[in-house]
Amino acid sequence: MLVAAYATQAAGALRPSVPLLMAGTAASLAAEVVLHRRRAVLAPLFVKLNADVTVRQLLRDLLLAVGLLRVGAEEGVAGYVPLVAALPLFYALHSATQAVSVLVRRSRTLPVVTRNIDASALRLSPAPPLLLRRPGFRLPVFGLPTTAGLLVAAATGDPVHGAVGLALSLALSAAGLGALLWRLLPSRRPAGEEEVLEWFDAWLAEYRPTVGLYFSGGASSAYQANMWLAPLAGLGGRPVIVLRERFMIQKIGETDLPIVCLPRVATLMRLEHSTLRVLLHPSNSGKTSQVLRIPTIKHAFVNHGESDKPSSCNPYAKAYDEVWVAGPAARERYALADVGVEDRDVVEIGRPQLAGLRRAADAPTGSRTTVLYAPTWEGWDGNPGNTSVIAAGENLVRALLADPAVRLLYKPHPLTGSVDPRAGAADLRIRELIRAANQKRGGSRADAAAIAERDRRAVELDLLTARTFRKAADHTERMLRQPMPAEGRAARLAAAEDAWLEAYWAALPEGEHQIVLDRRPTLYACFDRADLLISDVSSVVSDFLASGKPYAVANTSGMSEEVFRATFPTVAAATVLTPDAAGVPALLAAVRRPEEDTLAEARGALAGRLLGPSEPPSPRRFADAVATLTAKAEEQRLRRSLRPEEFPGQREWEPAADGGTTAPR
């Protein structure tokens, strides 16, 4: 479209032909609109072709200018010449504006970004409008009056229209340049790098954190850190969350804990001289090795879930001072894997996230059996047995939907389809099956009072959790808008979440199947509602065992059931389902008649192996592990303080008279 438009412009300019010139210019502008809407896909391609927005706009205006000069030469209109000669002034202003916008962006890119911390001393301010910060937006908008004026001038033969359009573009560019220059004034700029680092050191000295959560990862991996927010907050004291990517600050869930993002290694190293003693790591990443360099901090790998998959005994774990696991099964898993993790460094803490999980009743409550289908994702290794979504998902869902007494909760893993497109496609088909079943089922609807109560509770929760920013807000502006939370906010938030959850379930139509994709309700909230879990070999199974309820695991590995059970200990107390879902009816019948539940005792024993004993409670064991590791860090610091301040260096030799060397000084 662009090639055709430029060709038409060129033809109109060289002939010259005002209709062709106008048609080509209009088509070129229309193509820019398409490019803007699909910029995520198309813009990188044009950059590779050295045809970014500046080149395209310049070419469009040059062809238009050539056309005007040709038309003017034929018609004797000399007024076009100064108009075209003044056109480069607009591009000079554009270049100056772009240069200043880069300086403004750099001045607003702080070495430390925070949330839930009072950073008013850093002279933070709202970000400039997006129009001034992005040349891809600014140039077409500011240049539109010029292009339009030149087109009208070509159509009417009156250069005044072009002069008016150019003057308007120049005025807009000058105003934008002035607005950006104003933000570079010393009183308008945020604090400089050294000032920010001094402020950060002072905050560390005042807050005096002792334990922290360290996390680095992609946008979709934030759930790995979020599952540890409540246990960390429950420790009391002065916890802190340490991140490495600026975008991750807004991905961390609701918490009153202070959050600091330290993108650069040099800034991260400042933690060495702080009171921080212990860092907990819920995942491994390339940037984990950077923080492990700090010798004054002890590091514990807590993982974001345990299962029988190889990822639960990653060799990287030996890099940490300690590896904290739920129960004896994980300790045995590391020993069998022989990946370099010493048994003395493995600490069993249970799963503190499960402390509030509801235990199983003697029989399902209500007129329907609620089944939670929570498959895992396909993983990085391409093993077809990782997820049941591809080979068994649709069969399982069809079998469940065929039972009129079943209410299905479908909660897929957040990363489903991120590696294997087949998993993403199967996930979408499963959702369509559930929607079609709901339409076919019909049934009663929740009353208006329940819906109104849910909406009221949602408003209350949103007021406490709202993090709404202007579209133009950058990290510095978001930092300004998220200061230290008000006292007591955490307690109010917990109460509001509980109230919303009760209202949410009450407002759902009886028996309606649900596709659960949002942050709320959480997986653990779905555990509380489910009478039965169907999943894969994953940490979901281990966590669900804390409820004592029946569970089933889909075997899509190609192994026989005997080999499957022997290979994956978490399946020991499960009903194993084949990809054709033939065992679903018998499974549902057993769940509805507890007297036929032959695996109840096995589930209790397996829960002890996977999650550890119920006494002392897991949160207490977690807190004790933190305290013990903190004490070890203190002892290590004390030993370091007793060493000589400087290690012996190389010996110094004095030159001898004969040109050789003498004994060391």
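Residue indices begin at 1 and follow the sequence shown. Since the model is a prediction, treat every value here as computed from it, not as a measurement.
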**OP:** Could you list the residues that satisfy ring pair (Phe, Tyr, Trp, His ring centres under 6.0 Å) with His94, not counting sequence neighbours?
**Re:** none
**OP:** Name all residues meeting the salt bridge (Lys or Arg N to Asp or Glu O under 4.0 Å) criterion together with Glu198; count only those two or more places apart in sequence or in a different chain, and write none if there are none.
**Re:** none
**OP:** Just grab all the salt bridge (charged side-chain N to carboxylate O under 4.0 Å, His left out) pairs involving residues 215-234, residues at least two apart or on different chains.
**Re:** none
Original post:
Taking side chain as C-beta onward, heavy atoms only, is Leu204 less than 4.5 Å from Thr275?
Top reply: no
**OP:** Using atom types as modelled and distance alone, determine if a side-chain donor or acceptor of Ser173 lies under 3.5 Å from a backbone N or O of Leu170.
**Re:** no
Original post:
Is there any salt bridge (charged side-chain N to carboxylate O under 4.0 Å, His left out) pair reaching into residues 113-129, and which pairs are they, with sequence neighbours excluded?
Top reply: Arg123-Glu195
**OP:** Check whether any side-chain heavy atom of Leu197 sits under 4.5 Å from a side-chain heavy atom of Pro111, and report yes or no.
**Re:** yes
**OP:** Evaluate whether atom CZ of Arg470 has more than 12 neighbouring non-hydrogen atoms of other residues, nucleotides or ligands under 6.0 angstrom away.
**Re:** yes
Original post:
Nearest heavy-atom pair of Ala127 and Glu477: which atoms, and what distance?
Top reply: N-OE1, 2.8 Å
Original post:
When the ring centroid of His281 is compared with that of Tyr214, is the distance short of 6.0 Å?
Top reply: yes
Original post:
Has the side chain of Arg457 got a donor or acceptor atom that lies under 3.5 Å from a matching backbone atom of Ala499?
Top reply: no
Subject >> Asn50 vs Val55, side-chain contact (heavy atoms from CB on, under 4.5 Å): CA-CA, chis, key distance, verdict >> reply: CA-CA 8 Å; Asn50 294 320; Val55 173; over 6 Å; no
Original post:
Hey, does the side chain of Glu378 reach the backbone of Ser418 with a donor-acceptor pair shorter than 3.5 angstrom?
Top reply: yes
Subject >> Under 3.5 Å side-chain donor-acceptor pair for Thr296 and Arg637 >> reply: yes
Original post:
Judged by atom type as modelled, is there a donor-acceptor pair below 3.5 Å linking the side chain of Arg244 to the main-chain atoms of Leu262?
Top reply: yes
Subject >> Tyr334 versus Asp345, side-chain donor and acceptor atoms under 3.5 Å >> reply: no
Subject >> Distance-minimising heavy-atom pair for Pro231 and Gln353 >> reply: CG-CG, 3.9 Å
Original post:
Within the distance-only criterion (no hydrogens, no angle test), does the side chain of Asp321 pair as donor or acceptor with the backbone N or O of His299 below 3.5 angstrom?
Top reply: yes
Original post:
Is it true that Glu245 and Lys251 make a salt bridge, defined as a side-chain N closer than 4.0 Å to a carboxylate O?
Top reply: no
**OP:** Indicate yes or no: at least one non-hydrogen side-chain atom of Leu276 is less than 4.5 angstrom from one of Thr210.
**Re:** no
Original post:
Judged by atom type as modelled, is there a donor-acceptor pair below 3.5 Å linking the side chain of Ser289 to the main-chain atoms of Gly286?
Top reply: yes
**OP:** Could you pull out all residues at least two apart from Phe46 that satisfy ring pair (Phe, Tyr, Trp, His ring centres under 6.0 Å)?
**Re:** none
Subject >> Steps toward side-chain contact (heavy atoms from CB on, under 4.5 Å) verdict (Leu130, Lys471) >> reply: CA-CA 8 Å; Leu130 282 176; Lys471 186 178 181 180; 4.0 Å; yes
**OP:** Can you sort out the partners of Ala623 under side-chain contact (heavy atoms from CB on, under 4.5 Å), two or more places apart, ordered by chain and number?
**Re:** Leu235
Subject >> Exercise: identify the closest heavy-atom pair between Leu110 and Pro190 >> reply: CD2-CB, 4.1 Å
Subject >> Test item: Lys318 and Val339 side chains (from C-beta on) under 4.5 Å apart, heavy atoms >> reply: no
Original post:
Got a sec, which residues hit ring pair (Phe, Tyr, Trp, His ring centres under 6.0 Å) with Phe247, two or more places apart in sequence or on another chain?
Top reply: none
Subject >> Stepwise salt bridge (Lys or Arg N to Asp or Glu O under 4.0 Å) test for Glu193 and Arg106 >> reply: CA-CA 10 Å; Glu193 180 172 336; Arg106 289 179 179 175; over 6 Å; no
**OP:** Would you kindly say whether Ser538 and Thr376 are connected by a side-chain donor-acceptor distance under 3.5 Å?
**Re:** no
Subject >> Asn226 to Gly253 - nearest heavy-atom pair and separation >> reply: OD1-N, 2.7 Å
Subject >> Partner residues of Phe142 under the ring pair (Phe, Tyr, Trp, His ring centres under 6.0 Å) criterion, sequence neighbours left out >> reply: none
**OP:** For the residue pair Trp203 and Phe200, categorise the inter-ring angle as parallel (less than 30°), tilted (30 to 60°) or perpendicular (more than 60°).
**Re:** parallel
**OP:** Verify, without hydrogens or angle tests, whether Ser618 (side chain) and Arg351 (backbone) share a donor-acceptor contact under 3.5 angstrom.
**Re:** yes
Original post:
Who passes salt bridge (Lys or Arg N to Asp or Glu O under 4.0 Å) against Glu634, sequence neighbours left out?
Top reply: Arg277
**OP:** Give the C-alpha distance, both sets of side-chain angles, the deciding distance and a yes or no for side-chain contact (heavy atoms from CB on, under 4.5 Å) between Trp324 and Leu629.
**Re:** CA-CA 11 Å; Trp324 295 358; Leu629 193 55; 3.8 Å; yes
**OP:** Could you please spell out the steps behind the side-chain contact (heavy atoms from CB on, under 4.5 Å) verdict for Leu279 and Val291?
**Re:** CA-CA 9 Å; Leu279 276 178; Val291 75; 3.6 Å; yes
Subject >> Any donor-acceptor pair under 3.5 Å from Asn314 side chain to Ala317 backbone >> reply: no
Original post:
Under 4.5 Å between any side-chain heavy atoms of Val240 and Val260, yes or no?
Top reply: yes
Original post:
What heavy-atom pair brings Ala423 and Thr416 nearest, and what distance separates the two atoms?
Top reply: O-CG2, 3.8 Å
Original post:
Between Arg60 and Gln57, is any side-chain donor less than 3.5 angstrom from a side-chain acceptor?
Top reply: yes
Original post:
Does the side chain of Asp61 come under 3.5 Å of the side chain of Thr147 through a donor N or O and an acceptor N or O?
Top reply: yes
Subject >> Atom of Leu180, atom of Val104 and distance for their closest heavy-atom approach >> reply: O-CG2, 3.6 Å
Subject >> Which residues share a salt bridge (Lys or Arg N to Asp or Glu O under 4.0 Å) with Arg105, sequence neighbours left out >> reply: none
Original post:
Are Asn303 and Pro282 side-chain neighbours, meaning at least one heavy-atom pair lies under 4.5 Å?
Top reply: no
Original post:
Are any non-hydrogen side-chain atoms of Val242 and Leu268 less than 4.5 angstrom apart?
Top reply: yes
Subject >> Heavy atoms of other groups near Arg492 CZ, more than 12 under 6.0 Å >> reply: yes
Original post:
Are Lys298 and Glu322 ion-paired here, with the side-chain N under 4.0 Å from a carboxylate O?
Top reply: no
Original post:
When you check the side-chain N and O atoms of Ser125 and Arg108, is any donor under 3.5 Å from an acceptor?
Top reply: yes
Original post:
Do Thr288 and Ser285 get their side chains close enough for a donor-acceptor pair, meaning under 3.5 Å?
Top reply: yes
Subject >> Results of side-chain contact (heavy atoms from CB on, under 4.5 Å) for Leu461 - residues two or more places apart only >> reply: Thr465, Leu493, Ala496, Glu497, Trp500, Arg520
Original post:
Can you check whether Asp624's main-chain N or O pairs, donor with acceptor, with Thr628's side chain at less than 3.5 Å?
Top reply: yes
**OP:** For Arg478, check salt bridge (Lys or Arg N to Asp or Glu O under 4.0 Å) against everything at least two apart and list the hits.
**Re:** none
Original post:
Can you check whether Tyr223 and His413 have ring centres sitting under 6.0 Å from each other?
Top reply: yes
Subject >> Test item: Leu2 and Ser28 side chains (from C-beta on) under 4.5 Å apart, heavy atoms >> reply: yes
Original post:
Would you say Ser220's side chain and Leu415's backbone share a donor-acceptor pair under 3.5 angstrom?
Top reply: no
